[in-house]
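Throughout, numbering of the chain's residues begins at 1 and tracks the sequence.
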Amino acid sequence: VEKKNPSIEILPDECLFEIFRRLPGGQERSSCACVSKRWLTLVSNIHRDEINDNNKGGVVSKVEDQDVEGDGYLSRVLEGKKATNVRLAAIAVGTASRGGLGKLSIRGSNSTCGVTNVGLRAISRGCPSLRVLSLWDSSSVGDEGLFEIADGCHQLEKLDLCHCPAITDKSLLAVAKGCPNLKDLTIEGCANIENEGLQALARFCPNLKAISIKDCPLIGDQGIASMLSSASFTLTKIKLQALNITDVSLAVIGHYGKAVTDLSLIGLPNVSEKGFWVMGNGHGLQKLKSFAVTSCRGVTDLGLEAVGKGCPNLKQLCLHKCAFLSDKGLVSFAKTASSLESLQLEECHRITQFGFFGSLLNCGAKLKAISLVNCYGMKDLNLGLPSVLPCKSLRSLSIRNCPGFGDASLAALGKLCPQLQHVELSGLHGISDAGFLPLLETREADLVKVNLSGCVNLSDKAVCIMADLHGWTLEMLNLEGCKISDASLVAIAKNCQLLSDLDVSKCAITDSGIAALARSNQIKLQILSMSGCSKVSDKSMPSLRKLGQTLLGLNLQQCKAISSSTVDLLVEQLWRCDILF
């Protein structure tokens with residue numbers, strides 16, 4: 001009878017576990033983990049405290065100080081099919097000897113063998129230095145998995161839980177007790193997390209600085225109030241979205257948010273005008289610098305005015321879909337917000353030219369940027385603005401898709417804001433040369449970035465004058481869809497020596513215009529987009545090749561007169577340029 005060679009596989013798990021924990025270094029344990037899933041599972045279940053390292057006074061493995069990222073910690077992301085317990089176990093073992101895993105993101109899960117509590121147990125035992133953990137769409141991870149993280153990863157600083165239905169308040173209680181260094185918490189779509197979890201975090205996490213809570217139906221005023229009242233001197237960033245909270249939560253924020261600098265409120269249907277009024281009059285938001293509100297019916301003239309008075313250091317205001325805000329409220333806010341630097345209005349349809357120009361006339365001397373997007377209440381009226389001091393602090397103007405904004409409004413803006421450097425007038429069919437030229441001619445500062453995409457009534461005349469007056473400072477120019485020809489490209493080539501980004505998509509330019517750009521010895525474009533320019537053909541090949549000496553990006557999509565063979569040659573010769581075709 002043939003005698004079989006003895007195999008280490010006949011040893012029970014307990015014996016193998018004892019062998020593995022006595023290996024001299026992390027490299028040896030990693031090698032053992034590669035033998036089989038059984039060995040990987042055993043090695044990944046060795047807690048750091050259980051390792052009997054006989055090499056403490058000897059030579060450290062050469063691998064132990066390699067492959068580190070960021071602050072000396074490794075980062076790993078598992079998505080979809082790659083998100084399995086086996087991969088987590090391998091990560092836990094493989095990173096243990098290389099500085100330790102610092103950041104782990106699990107997005108989705110393998111449908112047959114996805115991440116469960118077992119995988120997080122491996123991470124907790126092998127990665128005690130974990131600082132950031134993100135769990136997205138992890139339906140198989142429950143409280144036991146977070147219990148393991150809380151028990152083994154005491155250095156955790158940031159936790160992101162998104163659509164994890166099996167996680168409850170018990171998990172947050174464990175994390176609160178086991179991870180006192182937690183600074184940043186995001187909870188989204190977790191239907192079983194209630195107020196008690198937030199109360200535990202407020203009680204045991206004194207360093208919590210940022211919270212973001214979205215679409216958690218069981219979280220209400222009690223949870224928000226307890227967190228704000230307990231962490232009032234450390235919490236700096238708050239984002240609340242799609243929650244069943246009421247005016248009570250806003251009142252608590254207004255009273256206890258003494259350290260809050262960033263506040264975002266989105267889709268809160270049960271918050272009324274009273275909530276915003278009380279929040280503004282609570283006098284606790286003295287340090288608030290950025291305030292963003294979307295789809296909250298409580299933002300009225302009275303509510304916004306109270307916020308302006310109660311937040312003296314507010315620098316940035318973003319209002320989106322505020323249906324009950326009118327010109328009166330916007331102007332009243334502008335009069336009180338003396339520190340405001342940036343104002344963004346989107347889909348606020350009750351705002352007209354009177355509110356827009358009124359806010360410019362009444363804002364303090366610090367306003368640097370104003371943005372108006374999809375505001376259909378704008379009508380192009382000749383307002384006859386009074387003789388007032390111009391708004392010389394404004395540097396950036398963005399008006400997008402506001403059909404009523406036309407030449408009269410633009411001409412008035414030119415006189416009121418002579419120091420503009422960044423101008424975006426996108427999708428404004430009411431803008432023509434007659435309105436744009438006064439804006440150019442009243443400049444006291446030179447333009448740097450200009451976006452005129454979709455202004456179909458702007459012609460070569462406006463572009464040529466702009467290139468002549470401001471070409472020496474222009475760095476970015478977007479003329480997509482404008483009524484321009486090669487004449488504009490000739491003017492750009494002659495005057496715009498600093499231009500690095502040019503978009504002439506859907507314009508009537510030809511090979512001659514591209515050749516004019518290429519002949520210029522001054523211009524050094526990095527981005528050139530000419531998508532949909534049907535008159536540019538293969539004849540532009542030499543010009544594009546010359547421009548390609550500095551180009552990093554070239555868009556030739558829907559240029560039907562350029563053949564695929566020409567594109568292939570460009571791809572081959574312009575190897576450092578990303579070409580879209």
Side-chain angles (χ1 to χ4, degrees), residues 401 424-429 431-433 436 449-468 471 474-581:
N401 302 321
E424 180 179 14
L425 305 171
S426 179
L428 304 182
H429 295 179
I431 296 294
S432 68
D433 295 348
F436 190 62
K449 295 181 180 181
V450 177
N451 183 352
L452 303 172
S453 61
C455 293
V456 296
N457 292 312
L458 283 179
S459 70
D460 287 324
K461 181 180 179 180
V463 176
C464 291
I465 292 177
M466 176 173 58
D468 183 50
L474 270 180
E475 297 177 4
M476 189 280 284
L477 179 59
N478 189 336
L479 301 171
E480 179 183 356
C482 294
K483 193 167 55 178
I484 65 166
S485 65
D486 293 336
S488 291
L489 294 189
V490 171
I492 291 170
K494 178 182 177 181
N495 297 289
C496 303
Q497 57 186 354
L498 295 180
L499 194 66
S500 62
D501 188 337
L502 175 63
D503 192 336
V504 288
S505 299
K506 301 177 183 178
C507 294
I509 61 171
T510 69
D511 296 322
S512 298
I514 302 301
L517 288 177
R519 284 195 300 270
S520 173
N521 294 321
Q522 297 178 330
I523 195 167
K524 299 186 185 301
L525 288 175
Q526 294 184 354
I527 305 294
L528 174 61
S529 181
M530 37 193 281
S531 172
C533 295
S534 57
K535 295 182 179 181
V536 178
S537 69
D538 290 341
K539 294 180 181 179
S540 289
M541 171 70 176
S543 301
L544 292 174
R545 188 167 55 233
K546 184 179 179 182
L547 289 169
Q549 295 174 2
T550 58
L551 282 179
L552 300 177
L554 175 62
N555 188 350
L556 301 176
Q557 291 178 312
Q558 299 178 355
C559 293
K560 298 179 180 179
I562 298 179
S563 64
S564 57
S565 58
T566 296
V567 175
D568 291 340
L569 283 173
L570 287 172
V571 170
E572 180 182 346
Q573 295 176 11
L574 308 182
W575 54 271
R576 63 192 288 257
C577 178
D578 186 12
I579 299 178
L580 295 177
F581 181 69

side-chain hydrogen bond (donor to acceptor under 3.5 Å, both in side chains) filter on S537, not counting sequence neighbours, yields D511
Which heavy atom in K506 sits nearest to a heavy atom in C533, and how many Å separate them?
N-SG, 4.0 Å
Separation between OG (S500) and NZ (K524), nearest 0.5 Å, reads 12.5 Å
Residue set satisfying side-chain hydrogen bond (donor to acceptor under 3.5 Å, both in side chains) with S459, at least two apart, ordered chain then number -> D433
What I'd like to find out is whether the side chain of L551 reaches to under 4.5 Å of the side chain of Q526, using heavy atoms alone.
no
Spell out, as yes or no, whether a donor-acceptor pair under 3.5 Å connects the side chain of D468 to the backbone of C464.
no
Give, for atom CG of L428 and atom OG of S432, the distance between the pair rounded to the nearest 0.5 Å.
11.5 Å
Interatomic distance, OG@S531 vs CG@L528, rounded to 0.5 Å, equals 11.0 Å
In chain order, what residues pass the side-chain contact (heavy atoms from CB on, under 4.5 Å) check against V571, with sequence neighbours excluded?
V567, I579
Show the atom names and distances, to 0.1 Å, of all donor-acceptor pairs under 3.5 Å that link a side chain in residues 552-563 to residues at least two apart or in another chain.
unit_1 : atom_1 : unit_2 : atom_2 : d
N555   : OD1    : Q557   : N      : 3.0
N555   : ND2    : S529   : OG     : 3.4
S563   : OG     : D538   : OD1    : 3.3
S563   : OG     : D538   : OD2    : 3.0
S563   : OG     : S565   : OG     : 3.0
S563   : OG     : T566   : N      : 3.4
S563   : OG     : T566   : OG1    : 3.1

Those residues at least two apart in sequence (or on a different chain) that pass side-chain contact (heavy atoms from CB on, under 4.5 Å) with I465 are L437, L440, K461, L469
Gap between atom CG of N495 and atom CD1 of I492 - 0.5 Å precision
9.5 Å
Answer whether the closest heavy-atom distance between the side chains of L458 and I484 falls below 4.5 Å.
no
I need the L525 CG to I527 CD1 distance, nearest 0.5 Å.
9.0 Å
Heavy-atom count around K539 NZ within 6.0 Å, excluding the residue itself: above 12?
no
Indicate yes or no: at least one non-hydrogen side-chain atom of F436 is less than 4.5 angstrom from one of L452.
yes
Going by side chain to side chain contact (heavy atoms under 4.5 Å, CB included), V536 matches just one of I509, L544, T510. Which one?
I509
Residues 475-483, side-chain donor-acceptor partners within the protein, below 3.5 Å, at least two apart:
unit_1 : atom_1 : unit_2 : atom_2 : d
N478   : OD1    : E480   : N      : 3.0

Taken to the nearest 0.5 Å, the spacing of I431 CD1 from S426 OG works out to 11.5 Å
Show every donor-acceptor pair shorter than 3.5 Å between a side-chain atom in residues 512-520 and any protein atom, with sequence neighbours excluded, or say none if there are none.
unit_1 : atom_1 : unit_2 : atom_2 : d
S520   : OG     : A493   : O      : 3.0
S520   : OG     : Q522   : N      : 3.3
S520   : OG     : I523   : N      : 3.3

